[in-house]
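The basis for the numbers below is simple: all heavy atoms, side chains too, and nothing from hydrogens, waters or symmetry mates. Counting begins at 1 with the first residue of the sequence.
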Amino acid sequence: MIQKFDPLTSKDFDKGLVTRSDVLKLDMNQSPDCLDIKWNFDGSIQKRLGSSTMNSTALQGTGGWASFDFGATSRRWLVVAAGTGIHASSNLGVDFFVVQTSRTQTYQYFERSKNVCIATSDAYDVPLFWNGTGTTRFETLAPGSAPSCKYSVNFQGFLILLNSLARPRGFFYADDDLQLVSAWPDSFDLPSSYDDEITGSFILNKRLYVSTRYYLYRVLYTGGNPDWEYLKVKDFGFVPRTARIVTLKGGEVAVGEDWSRRLRAFDGSDDVILSDNIENDNSMAEFSTSRISYAGSGLVINHSVYDPIEQEYRLCVAIGSASSETTHAILINARTLAMYPYSNQRFQSMCVAESANRQYLIGVDRSGRVHVINSGNLDINLAVDEHYDSPFIYRRDPAEVSKASHIDFYLTPTSSGTMNYQDRSDFSSVYQPISATTGLVTTNSVNLIKWSVDVPSTQNIYQFRLISSANTANPWKLVRIGYFLEGMGIGGN
């Protein structure tokens, strides 16, 4: 139990991809193998959208070390770290100008503290600030005083810097009215083993939590001597850049990846593992959390964002060894509690940016290109090659032979493109060649498009796959599946 009124458990996250070993217990809301399929809040599933590139000229050097939406004065800036520079755009990434040129090519972090943007980095670069005017650049924060740290956060009227090179569990703080000029004399260290270090922080239900590799701490400002009190609340920590605040079942929680590659939700007191249903490698699906790579660059290249537009927590990860960039994303839909994986998610950082009073999900790749995610039908000029595999279908028991007649698919009238149907039976690992195809055309003449596929087969177990041909049309959206079986007794086929 994690939520006060409606308990949140791992069993709630039972829609979408499910890679459990008990594959014969899955229903039509679950798939043992799907990729680039979205589970919508209304119960439908669809081929996902792609992304649209914004900047015709790539940012210099390796791009996407960080991205951040920063509102200042009458302008709103998309701030991106690329190469050794920091760049700012006032038109959602179409055009940039340089606001800093002396950063290390590694992961950077931007946070708002009062009216300025604070920049820190994994390389312990000198902390900087920017007031967001188009005629200024990032400047050194409290020169000679502010410690060079990895992370920053503003809480209860203080700018807090976390994890310095000499003190990896260090907690440094200054009044945010004096943050630019303070001598920064105040600090303390969180207690832990010598090899532990702070990996980030988050504010949950108006309380500050600091994560190390091994623990979660609740930190409160009390005033007096000492100024702060801390309490270890959990014996796990989050991977850097993966913890985000999400509302699940009416309650606010922090969702992130721990160092065992599991997704956890934490509500300030209790936690629950969310990823039980996608943990095992079932030898069918391309994605499972057990396939997230420890090799190559390891877990530190993983990163997340919460998309308030689609109500999705999106975690980009590397599947496969020796990878220096992310390859896939696993999404948690906060409305349906479904989990589903996407491929070709080679973003180095992501953020939600605002332009003209609208929010957009932004991703920046290593080549320095900025993309609006969930826009268009291509991924950086590559086709979205989705597939949806049905659960294993049988009449009453896998031992019963059944004869199939046909299967009906009902799609929204906005669906278009060419859909293809494949099938296999009796636990075969190979799908038969495409046996049915339909061309979908957007229409206003019907409320739903019905596609019937003849299935003249006899078997114990049946499974089908849906794919579509790459095109620039609206993706298909499936609202119902009807499958018809006739029992023929017990036996093998």
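Side chain to side chain, Ser113 and Asp176 fail the donor-acceptor criterion of an N or O pair below 3.5 Å. With 3.5 Å as the limit, one finds no donor-acceptor pair spanning the side chains of Tyr151 and Glu111. A side-chain N or O of Ser211 and one of Thr199 form a donor-acceptor pair less than 3.5 Å apart. Using a 3.5 Å distance cut-off with no hydrogens or angles, the side chains of Thr133 and Asn131 do pair a donor with an acceptor. In the model, Ser102 has a side-chain atom that pairs as donor or acceptor with a side-chain atom of Gln100 under 3.5 Å. Of the N and O atoms on the side chains of Trp39 and Gln30, not one donor lies less than 3.5 Å from an acceptor on the other residue. A side-chain donor-acceptor contact under 3.5 Å links Ser187 and Arg167. A side-chain N or O of Ser304 and one of Arg244 form a donor-acceptor pair less than 3.5 Å apart. No side-chain donor from either of Ser367 and Arg369 sits under 3.5 Å from a side-chain acceptor of the other. Of the N and O atoms on the side chains of Tyr209 and Arg218, at least one donor lies less than 3.5 Å from an acceptor on the other residue. Judged purely by distance below 3.5 Å, without hydrogens or angles, the side chains of Ser67 and Ser349 pair a donor atom with an acceptor atom. A donor-acceptor contact under 3.5 angstrom links the side chains of Thr212 and Asp196, judged on distance only. No hydrogens or angles considered: a donor-acceptor pair under 3.5 Å links the side chains of His371 and Thr53. Between the side chains of Asp281 and Ser288, not a single donor N or O lies within less than 3.5 Å of an accepting N or O.
Across Phe171, Phe172, Tyr173, a single residue satisfies ring-ring contact (aromatic ring centres under 6.0 Å, His included) together with Phe158, and that is Tyr173. Under the side chain to side chain contact (heavy atoms under 4.5 Å, CB included) rule, Phe287 has a single partner from Val317, Thr327, Thr19, which is Val317.
Ring to ring, Trp259 and Tyr214 are not that close: their centroids are 6.0 angstrom or more apart. Ring-centre distance between Trp65 and Phe110: not below the 6.0 Å cut-off.
Counting heavy atoms of neighbouring residues, nucleotides and ligands inside a 6.0 Å radius, atom OH of Tyr194 does not exceed 12 of them.
Using a cutoff of 4.0 Å between basic side-chain nitrogens and carboxylate oxygens, Arg314 and Asp307 are not scored as salt-bridged. Classification of Arg169 and Asp189 as a salt-bridged pair fails, no side-chain N sitting under 4.0 Å from a carboxylate O. A salt bridge is defined here as a Lys NZ or Arg NE, NH1 or NH2 lying under 4.0 Å from an Asp or Glu carboxylate O, and Lys477 with Asp42 meets this definition. A salt bridge links Glu310 with Lys38; the closest basic N to acidic carboxylate O contact falls under 4.0 Å. Salt bridge status for Glu279 with Arg262: present, with a side-chain N to carboxylate O gap under 4.0 Å. Ion pairing between a basic and an acidic side chain is recognised when a charged N comes within 4.0 Å of a carboxylate O; Arg346 and Asp365 show no such pairing. Salt-bridge formation is not detected for the pair Asp14/Arg20: no Lys NZ or Arg NE/NH1/NH2 atom is positioned less than 4.0 Å from an Asp or Glu carboxylate oxygen.
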Starting from the C-alpha separation in whole Å, work towards a yes-or-no answer on salt bridge (charged side-chain N to carboxylate O under 4.0 Å, His left out) for Asp385 and Lys47. CA-CA 9 Å; Asp385 291 325; Lys47 176 180 180 177; over 6 Å; no
Intermediate values then yes/no, side chain to side chain donor-acceptor pair (under 3.5 Å), Thr104 and Thr106: CA-CA 6 Å; Thr104 304; Thr106 189; over 6 Å; no
Yes or no on ring-ring contact (aromatic ring centres under 6.0 Å, His included) for Phe188 and Tyr230, after CA distance, side-chain angles and deciding distance? CA-CA 10 Å; Phe188 62 90; Tyr230 52 80; 5.6 Å; yes
For a side chain to side chain contact (heavy atoms under 4.5 Å, CB included) check, start with the C-alpha distance between Ser44 and Leu478, then their side-chain angles and the critical distance, and finish with the verdict. CA-CA 6 Å; Ser44 63; Leu478 180 65; over 6 Å; no
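The cationic atom of Arg465 (NZ for Lys, CZ for Arg) does not lie both less than 6.0 Å from the six-membered ring centre of Tyr388 and within 45° of the ring axis. The side-chain tip of Lys232 does not point at the ring of Tyr217 from less than 6.0 angstrom away and within 45° of straight on.
Checked by atom type and distance alone, the side chain of Glu252 pairs as donor or acceptor with a backbone atom of Asn205 at under 3.5 Å. Remark: side-chain polar atoms of His303 are paired, donor with acceptor, to backbone N or O of Phe347 under 3.5 angstrom.
Taking the side chain as every heavy atom from C-beta outward, Pro475 and Asn377 approach each other to under 4.5 Å. Contact of the Tyr340 side chain with the Asn333 side chain is registered, since non-hydrogen atoms from C-beta on lie closer than 4.5 Å. Proximity of Val255 to Leu274: side-chain heavy atoms (C-beta onward) are separated by under 4.5 Å at one or more points.
Of all the heavy atoms in Gln359 and Ile309, the pair that sits closest is O-CD1, 3.3 Å.
A tilted orientation is assigned to the rings of Trp228 and Phe155, their planes being inclined by 30° to 60°. Under the 30°/60° scheme for interplanar angles, the aromatic rings of Phe68 and Phe70 are found to lie parallel.
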